[in-house]
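Below is one structure, written out as structure tokens, with a few remarks after it.
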Amino acid sequence: MFDKITPRSEDYSKWYTQVIRQAEMADYAPVRGCMVVRPYGYALWENVKEQLDVRFKATGHQNAAFPLFIPMSFIEKEAEHVEGFKPELAVVTHGGGKKLEEPLVVRPTSETIIGYMYSQWIQSYRDLPVLINQWANVVRWELRPRLFLRTMEFFWQEGHTAHATHEEAVEETLRILDIYTDFAVNEAAIPVIPGRKSESEKFPGALTSYTIEAMMGDKRALQAGTSHDLGQNFSKVFDIQFLDANQKQQHCWTTSWGVSTRMIGAIIMTHGDDQGLVLPPRLAPTQLVIVPIVPKNSEEARQVVTQTVNAISETLGDIRYHVDDRYEYSPGWRFNEWELKGVPLRIEIGPRDIENEQVVFARRDIPGKEGKSFIPIADVAETATQMLDTIQSDMLKRASEFRDANTFEPTDYDSFKEIVEEGFARAWWCGNETCEDKVKEETQATIRCIPTEQPDSDGACIVCGTKAEEITIFARAY
RNA sequence: CGGGGCGUAGCGCAGCCCGGCUAGCGCGUCUGCUUUGGGAGCAGAAGGUCGGAGGUUCGAAUCCUCUCGCCCCGACCA
């Protein structure tokens, strides 16, 4: 049933896979590169979905569903888009036993088919903006899959909007980036850096791509969400036009944005430790687990424990709790199981506690004795609610400190090259692609983003030394 | 596609180099008894087309040929 988990320091990648499988988040499917999201992993994903969905709806978006299949010719319409996605397409050539007239692409993303529909739905400036999101699965033929981070089929939300002006589209793109940042920081307890992608890293077909970048436990970067200003690139090839108030035909300005099941991977790698998962209380499927401890030879003691557990449970209100009364497993076994699964808070209740009218609280984010405390039975509900909040904010604090401690500001290229192996490098960049390529070639690090927040001053490019206007985050990425 | 590793019980592995009795071990499962405050103990039991095909041989998990699949590391990527 259980194996000792490989410590992160020994082999981070092994640790990651073992945690996912042993905590029953996901399993490998019989098809290469595909995964099965198991109930525990899916419950976490549902909480992610819910929190994002609430935010989308609060900003006027509606959900809809578009087809899984896209005519090949659609993908080929936008030059950069084809070039970017062609290598990773899954293509259906046969259907119903016959060769198809035109091959169908299994959607890798839906700008094209949604753009096609928008061209039919939008006639007038009065139809704008169109603000639609879809929760869907998409397929990209990845060469090197990794559970949650990069699977051939993955689940995500993709928002697609159309606007009358570029200003509005930019505003929308940045509004979503704010939503993603807010979600990552306040729900997932992941500190992220919002910013702009470089030309070479942007979405194929976009004018500008924005991203939130996070640092994982092995100090590598992970793109946790993206929001794209598509300009008029898609509206021109799909003919999404409207008549403005001055009776002039104009092309729409469109955006697209997405967060995927990769977010689960980000949560695992930001917070997990050598005991397993550590889930942020706000997203954890189970926030609190109660582990009753009973002696088998005393029916009476057993009943007292059960009654106390029941009484406490009734006071817990909105807390997502679970009582683990599998007495066939020893208490130690159950403790370890819930630690592996990352449940933020555990309550232990045995006869000894009941005598003292108290219970034991154990915080998942502080392993061992330091995370344990005795709480009077009467105060359980109130303390649990407070402690979950504390755990949530402590997790964010810890992750932020870790990131900051591993973010460096090198001043010359030699130290930059060393430092970028060890974490994030914040450095000036002249904006020139040759400098970007040189870094990539010599260090494997890429430009993760040009942060939205910039200092007032100018500087010298870390690579070529010429005048640079923007501070840039370089790092090795997933 | 290049480099590496692995397919033997539900899971993890040994056996293979050097062919030979009935294919082992650990975990899990089932039964019984004892246990329960950090992954319980004892006793018993069930569980196998050795990834697939072909070949060599009196005899193949083991040797040869072909084949399928998966994992890890690189190039591509949310």
Side-chain angles (χ1 to χ4, degrees), chain A residues 1-5 11-14 16-18 21-22 27-34 83-89 108-109 136-158 180 197 200-204 209 211-214 221-228 256-266 275-276 291-298 301-302 305 325-340 346-356 359-360 362 367-369 371-372 374 440-441 444 446 477-478:
Chain A
M1 181 85 186
F2 82 94
D3 285 312
K4 200 94 186 132
I5 300 168
D11 187 337
Y12 197 81
S13 159
K14 213 178 231 176
Y16 177 74
T17 308
Q18 282 176 355
R21 300 193 67 194
Q22 287 185 36
D27 211 343
Y28 288 110
V31 180
R32 187 195 75 90
C34 293
E83 203 194 319
F85 282 106
K86 200 89 190 233
E88 40 185 316
L89 295 180
T109 178
N137 56 339
V138 290
V139 169
R140 298 181 188 178
W141 212 262
E142 297 294 349
L143 301 175
R144 193 151 167 272
R146 216 149 147 31
L147 292 172
F148 287 115
L149 298 183
R150 200 180 306 102
T151 44
M152 294 221 305
E153 179 194 20
F154 60 92
F155 302 89
W156 75 347
Q157 59 69 213
E158 47 178 328
Y180 287 164
K197 282 288 182 191
S200 68
E201 297 277 333
K202 72 170 199 205
F203 177 80
S209 287
T211 174
I212 49 172
E213 294 287 327
L222 185 79
Q223 178 174 315
T226 45
S227 184
H228 314 290
S256 71
W257 29 276
V259 158
S260 72
T261 31
R262 174 180 272 191
M263 184 57 82
I264 307 287
Q275 313 302 313
V291 180
I293 299 154
V294 296
K296 200 170 195 175
N297 50 21
S298 167
R302 198 174 172 145
V305 172
D325 56 0
R326 296 174 298 170
Y327 297 135
E328 63 273 25
Y329 294 100
S330 72
W333 195 95
R334 284 178 280 160
F335 296 166
N336 280 289
E337 162 106 341
W338 294 110
E339 279 171 15
L340 171 63
R346 180 179 71 236
I347 296 182
E348 309 167 8
I349 305 177
R352 249 165 31 210
D353 300 309
I354 290 169
E355 268 175 45
N356 300 323
V359 299
V360 177
K369 268 198 176 152
K372 289 202 181 189
F374 294 105
K440 190 171 182 180
E441 217 168 281
Q444 287 185 301
T446 50
Y478 274 98

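Chain naming here is simple, since letters A, B, ... match the order of the sequence lines and numbering starts at 1 in each.
- For G38(B), the base has a donor-acceptor partner in the side chain of R346(A) [N/O atoms by modelled type, under 3.5 angstrom].
- If you run side chain to side chain contact (heavy atoms under 4.5 Å, CB included) between V291(A) and each of F335(A), Y329(A), W333(A), only F335(A) comes through.
- Using the six-membered ring where Trp is involved, W257(A) and Y180(A) have ring planes that are perpendicular, over 60° apart on the 30 and 60° scheme.
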Report task. Kindly express the pairing pattern of RNA chain B in dot-bracket notation, using | wherever a base pairs with another strand and counting only Watson-Crick or G-U pairs under 3.5 Å. Result -> (((((((..((((......[...)))).((((((.....)))))).....(((((..]....))))))))))))....
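- Candidate nucleotides G39(B), G38(B), C72(B) were compared by shortest atom distance to the side chain of K372(A), and G38(B) ranks first.
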Requested in this report: Indicate for each nucleotide in nucleotides 3-8 of chain B, in 5' to 3' sequence, whether protein heavy atoms under 4.0 Å reach the base (B), only the sugar-phosphate (S), or nothing (-).
Outcome: ------
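- Both P295(A) and S330(A) sit near RNA chain B, but only P295(A) has its closest nucleotide nearer the 5' end.
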Requested in this report: Summarise how protein sits on nucleotides 73-78 of chain B as a single string, 5' to 3': B when a protein heavy atom is under 4.0 Å from the base, S for sugar-phosphate-only contact, - for no contact.
Outcome: BBBBBB
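- Here G37(B) is the nucleotide among A40(B), G37(B), G38(B) with the atom lying nearest to any side-chain atom of D353(A).
- Side-chain atoms of P351(A) lie closest to G37(B) of the nucleotides G37(B), C72(B), G39(B).
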Please tabulate, one pair per line, all N/O donor-acceptor pairs under 3.5 Å involving side-chain atoms of residues 348-356 of chain A, not counting sequence neighbours.
unit_1  : atom_1 : unit_2  : atom_2 : d
E348(A) : OE1    : K372(A) : NZ     : 3.4
E348(A) : OE2    : R346(A) : NE     : 3.2
E348(A) : OE2    : R346(A) : NH2    : 3.0
E348(A) : OE2    : K372(A) : NZ     : 3.0
D353(A) : OD2    : G350(A) : N      : 2.9
N356(A) : ND2    : R352(A) : O      : 3.2

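- The side chain to side chain donor-acceptor pair (under 3.5 Å) check on E153(A) picks up N137(A), with sequence neighbours excluded.
- Comment: E142(A) does not engage R32(A) in a salt bridge, judged by the lack of any side-chain N to carboxylate O separation of less than 4.0 angstrom.
- Annotation: side chain to side chain contact (heavy atoms under 4.5 Å, CB included) contacts of Q444(A) (sequence neighbours excluded): R476(A).
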